[in-house]
Amino acid sequence: SMALVEQLLDTYPEAVFERAPAQLLRAQCAGALGRTADALDGYRAALAAERAFPNLRTGAYQGFALFVAELGRADLFAEA
């Protein structure tokens, strides 16, 4: 599924309303695969896409906070 998400992001860069959900899915997939750095990047990208379009909400902020808490990354608590 990571390949499909990356293909979506690469093939349709103008699809701004799909960007946040796709980045969230990328973060979730990467987290499930143990790719922590990629997961954190995905959550940050999803949150950035939500900030660019305030009416678009995916729940990325909750997922990011939970992911950081599960990792026990105290250095990221303020960001999450």
Please report the interatomic distance [atom1]([X]) to [atom2]([Y]), rounded to the nearest 0.5 Å.
X	Y	atom1	atom2	value
T36	D41	OG1	CG	11.0 Å
D38	L33	CG	CG	9.5 Å
R19	L8	CZ	CG	8.0 Å

Flag side-chain contact, heavy atom, 4.5 Å: R73 against L40:
yes
Are R44 and L47 side-chain neighbours, meaning at least one heavy-atom pair lies under 4.5 Å?
no
Ignoring hydrogens, what is the shortest heavy-atom contact between [X] and [Y]? Give both atom names and the distance.
X	Y	result
M2	R35	CE-NH2, 3.7 Å
A80	A65	CB-CA, 3.8 Å
G42	A27	C-CB, 3.6 Å
Y43	L24	CE2-CD1, 3.5 Å
A22	V5	O-CG1, 3.3 Å

Report yes or no: do F77 and L71 belong to one cluster of Ile/Leu/Val/Met/Phe/Trp/Tyr joined by side chain heavy-atom distances under 4.5 Å?
yes
With a 3.5 Å distance limit and no angle check, can you tell me whether E50 reaches the backbone of A20 through a side-chain donor-acceptor pair?
no
